[in-house]
Structures are given as C-alpha cells and as structure tokens.
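Along the sequence shown, residues carry numbers from 1.
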Amino acid sequence: MEVELAMLRQLIGRIRELSDLYGSQHQRLPSDFCHLNNRCCILDVNDDTLEYCNPVMAAGKSRSILKNLDLYKPPPAKKSRKERNQKSEIDVAPGEVLEQEIWKEFPEDLFEVVIARLPIAAFFRFRAVCRKWNSLLESQSFLQQCADVQRDCPWFYTITHGNVNSGAIYDSSSMKWHHHPGISPLPVKTVVLPVASAGGLVCFLDISHRNFYVCNPLTQSTRELPVRTVRLWYRIAVGMTLNSMSGAYKIMSLGCDGEYDVYDSVINSWARMGSMPSSITLPLSLNFRSQTVSIGDTLYFMRSDPDGIVSYNTTNGLWKQFITPLPLHLTDHTLAECGGRIILVGLLTKNAATCVCIWELQRMTLLWKEVDRMPNLLCLEFYGKHVRMICLGNRGLVMLSLRSRQMNRLVTYDVARGEWAKLPACALPGSGGRKRQWVACGTVFHPSLTALA
C-alpha cells in the first residue's frame, strides 16, 4: 500500500513539473467554461475540417492536429452605429498610416509618368485633386510624357439637334458620352459645326460658311482662321491633313464648281496652289453627305455624275480623278479610311430590306469589293422603314447615325476587326429630360493634350 502511495505521489509531482513547464505557453480555460458549454471548436489546418468534441477528449489529441483553440463565446451584443464607426476607424487607421508612408516615398518624377498614362477622362477628374495636378497642362515635361503615349481609341465630336451651341463627345474606350461646352472664345449664340479633323484637332465652320475655327476640344486651344481668298459658297467639302512631326496642319475647302483654297497653319493664311486640270469633269457634284478622307498628305472627296473620287495632294498640289461606279441599290454612302485603305460605307436598300454594307476599293481595278455587312440581327429593326444614314466619323472606327420616324440608332463599325456595336443613347445635361438626342453631324478625332491649334 505504501509503495502504491509513493508511486502516486511521484506521478503527481511529475505532472506538476510538466504543467509548470508547458502550461504557461497555452491559454488556460476559465473556471466557469465547463458550466457554460462542454464543447470547443478545433480547426485542423491540414485537412480544413471543423470538428466539435469534449475538452477532455481534445486534450489527448496530438499537437500536430491541434492548431487552434477558439473558446466558446456568447453572441456579441448589438452595438450602436457610433460604436461601429469608431471601431472601423480604429481598424483602418494603421493601414492608412502605412499607405501614406508608402506614397510619401514615391519618386516625384514618376507622378507625371503615371498620370500621363491614365485614360484622358480620368486625368481631367484627377485635376481636381490639388493645384499641382491641375497645373500639369502647363508642364513641358508632362506634355512630353503625354506625347510619348500612343492612344488608339478615337473620340467623336458631335452636334445634336437639342444642343446646337455645344457639343457631345463620345469616348469609345469607356463607351460614355461627355458634354462639351463648345469653343470658349466664341459668342454664346454662335453656331459652329465640326467639318473635319486631324489628330487631336477639330476644324469647325460656322453656319454662314464665312469663318473657320480650329480647336483642341480637350484643352480649348483655339485659332480663328483668316478670311478666305475665294468667294463664298453655300455648300463646300472640307478636308484636313496634319504633319505629326511638326504639328503643322492644312485645311482645304472645295466647291462643286472647282473653286478651292488651302490654309497653311505655318504661314497662317489661305492660298491657291494651282488650277484644277481639264481632265477632271466639272461640275464636281460633290456628295456632301460623305466625309472627306485623308491619307498622308492626300485628301479624297466623293463625287457623282460620274460616280467616283477626286484626290488632292496638299504638298505638291497634284489633282487626280478615279471613276468608280457605285454598287446597285445604294442610297446614303460615305468614304472611310483604315490603314491606308479606302472604304465605302453605304446603306443598301432593296424592296423592304435595309442593310449597311462595307466595300473596299481595289487599287488595280478601281472597283468596289464588298468585304462585310451588318449582322442580320441589327438589320431586322430597319425592315420596312425609310432609314437615312449619317456618318459621324470615318477613320478606323466608323460611327453611323441611322434614323427614321420610328427609331434613332447609333452604331460603330471597327474596320480593322470587322466588329459592329450599338452605342448607348446620347443623353446629356440640359437636354430637357429627353433620354435620347438626334445626333446631326460629327467627326472623329484622337484625344491629345499636346495638340495646339
């Protein structure tokens, strides 16, 4: 009996030694724990299982299995909104301090590099952050960073019938419409229409056909062109070319009787480069519903009677004429350009069916070859309707306004990818609550913060 008691005392002493040695490394259970609940949660991170067991049984498990011991806690009492907000502020504060420390060490010269690569619309929002960012447009180093960034997504400057004194700009990258206040130096009631563009500049002509203006819609850099040297015409075709290296541009106005003149931004004056050769049939019968195409230094105008194209090189003053018969059953049509290729976009109507088709001019035969047409699903809503088509941009990405008494649709066609897309409705501030606006005219331009008028 005494031997058994001695062994028991030795065992108890050994247990106490182990408890003193290892017990302080683990959280002790509260004395009232067993009275609250005889269960605890054991999470095994090896097999991601969750099991419930008695605390006594859990004590015999291997330490490799017992990874985390969460004591039972009663459901938390509902806290007031003020207490919750105070707790969230305390939780977020360390992260905010850490974030401020990180951005505090951000190299100053990299700010311009990063901001120059933001989407154009985002940059104008970030200008409101501080005075320094607002003054970036005056920084030559920042403008050089912007010039080095190639932006492939064009924008469209349009005029709607509900807002003839201001513009509506469509951003094809974000698929959103933006309101444009118009050319700032002009009187409020002056109505100007976009007639041509090159790079980030848009050429405007007032409705009296007397004055031309060139403007960068983003920076409001504006120039009023001198009075022209030739007599005024009621309707003219306008084209514009741009030297991407120097930023110089030329604008040409052409009338049906062959009268034309060319504006040169370098000398800031209009001039006539020569007379139209006798090989070109007059009158030109220009198609004013078709926009002018510019490829390099050459402008292309669509004419009729006979159907074809006339071109003019703004550098050497050389005229050319191409007789190209139009496809049958073609109503409204316009020229477009993509990668140096001349494209014809037309509304094909036969019986009650209407479809938009795409042709490419074959250089060898000077004939139009159909390369694509609008999907049937988009054409179904045109069936039986008298549809008119207006081209709002013809460079790479073509924007078309398709309108009848029952509908008003805006679609784009990516010439390079062969993709058709419906555009969101044009709804702008101050439109009188109307959800959609009829886009009357427009042109395509590439947004630029460095283009100067």
Query raised in the report: Phe156 and Trp177: aromatic ring centres closer than 6.0 Å?
Result: no
Report summary line: With sequence neighbours left out, the residues meeting side chain to side chain contact (heavy atoms under 4.5 Å, CB included) with His180 are Tyr157, Ile169, Pro217, Gln220
Requested in this report: Begin from the C-alpha positions of Ser290 and His333 and carry the test side chain to side chain contact (heavy atoms under 4.5 Å, CB included) through to its verdict.
Outcome: CA-CA 6 Å; Ser290 171; His333 52 278; 5.6 Å; no
**Report entry** Under 3.5 Å donor-acceptor, Arg223 side chain and Ser265 backbone
**Finding:** yes
Query - Trp368: ring pair (Phe, Tyr, Trp, His ring centres under 6.0 Å) partners, not counting sequence neighbours - result: none
**Report entry** No-hydrogen, no-angle side-chain donor-acceptor test under 3.5 Å, Ser304 and Asp307
**Finding:** no
Query - Side chain Asn216, main chain Ala453, donor-acceptor under 3.5 Å - result: no
Requested in this report: Determine whether Tyr249 and Cys203 make a side-chain contact, defined as any pair of heavy atoms from C-beta on separated by less than 4.5 Å.
Outcome: no
Report summary line: So side chain to side chain donor-acceptor pair (under 3.5 Å) across residues 389-399, not counting sequence neighbours, yields none
Query raised in the report: Would Ser253 and Trp270 count as a side chain to side chain contact (heavy atoms under 4.5 Å, CB included) if you check the C-alpha gap in whole Å, the side-chain angles of each, and the deciding distance to 0.1 Å?
Result: CA-CA 10 Å; Ser253 62; Trp270 294 89; 4.1 Å; yes
Query raised in the report: Can you tell me if Trp155 uses its side chain to pair, donor with acceptor, with the backbone of Val444 under 3.5 Å?
Result: no
Report task. Look at the side chain of Glu419 and the backbone N and O of Tyr413, then say whether any donor-acceptor pair between them is shorter than 3.5 Å. Result -> no
Query - Which residues share a side chain to side chain contact (heavy atoms under 4.5 Å, CB included) with Ile390, sequence neighbours left out - result: Arg289, Leu392, Ser401
Report task. Give a yes-or-no answer on whether the side chains of Tyr213 and Asp206 include a donor-acceptor pair shorter than 3.5 Å. Result -> no
Report task. Could you tell me whether the side chain of Arg403 and the main chain of Val439 form a donor-acceptor pair under 3.5 Å? Result -> no
Query - Any donor-acceptor N/O pair, Lys250 side chain to Thr314 backbone, under 3.5 Å - result: yes
Query raised in the report: Where is the tightest heavy-atom contact between Ala237 and Leu286, given as atom of each residue plus distance?
Result: CB-CD1, 3.9 Å
Query raised in the report: So, Ser311 side chain and Leu299 main chain: donor-acceptor pair closer than 3.5 Å or not?
Result: no
Query raised in the report: Going from NE2 on His386 to CZ on Arg405, what distance comes out if it is rounded to the nearest 0.5 angstrom?
Result: 9.0 Å
Query raised in the report: If we only count heavy atoms from C-beta on, is the Leu254 to Met276 side-chain gap below 4.5 Å?
Result: yes
**Report entry** Side-chain touch Tyr170/Lys176, heavy atoms, less than 4.5 angstrom
**Finding:** no
Report task. May I ask you to decide if Arg409's main-chain N or O and Glu381's side chain share a donor-acceptor pair within less than 3.5 Å? Result -> no
Query raised in the report: Under 4.5 Å between any side-chain heavy atoms of Thr412 and Ser172, yes or no?
Result: no
Report summary line: Minimal heavy-atom distance between Tyr263 and Pro226, with the atoms involved, is CE1-CD, 3.6 Å
Sequence neighbours left out, cut at 3.5 Å: what donor-acceptor pairs do the side chains of residues 344-363 make with other protein atoms?
unit_1, atom_1, unit_2, atom_2, d
Glu360, OE1, Arg341, NH1, 3.2
Gln362, NE2, Glu360, O, 3.2
Arg363, NH2, Gly340, O, 2.8

Report task. For Ser269, enumerate each residue passing the side chain to side chain contact (heavy atoms under 4.5 Å, CB included) test, keeping only those at least two apart in sequence or located in another chain. Result -> Ile267
Query raised in the report: For Thr450, does its backbone N or O pair with a side-chain atom of Ser448 as donor and acceptor, under 3.5 Å?
Result: yes
Requested in this report: Look only at the side chain of Thr158 and the backbone of Ala168, and say whether a donor-acceptor pair between them is shorter than 3.5 Å.
Outcome: yes
Query raised in the report: Can you say whether the rings of Tyr260 and Trp319 are parallel (under 30°), tilted (30 to 60°) or perpendicular (over 60°)?
Result: perpendicular
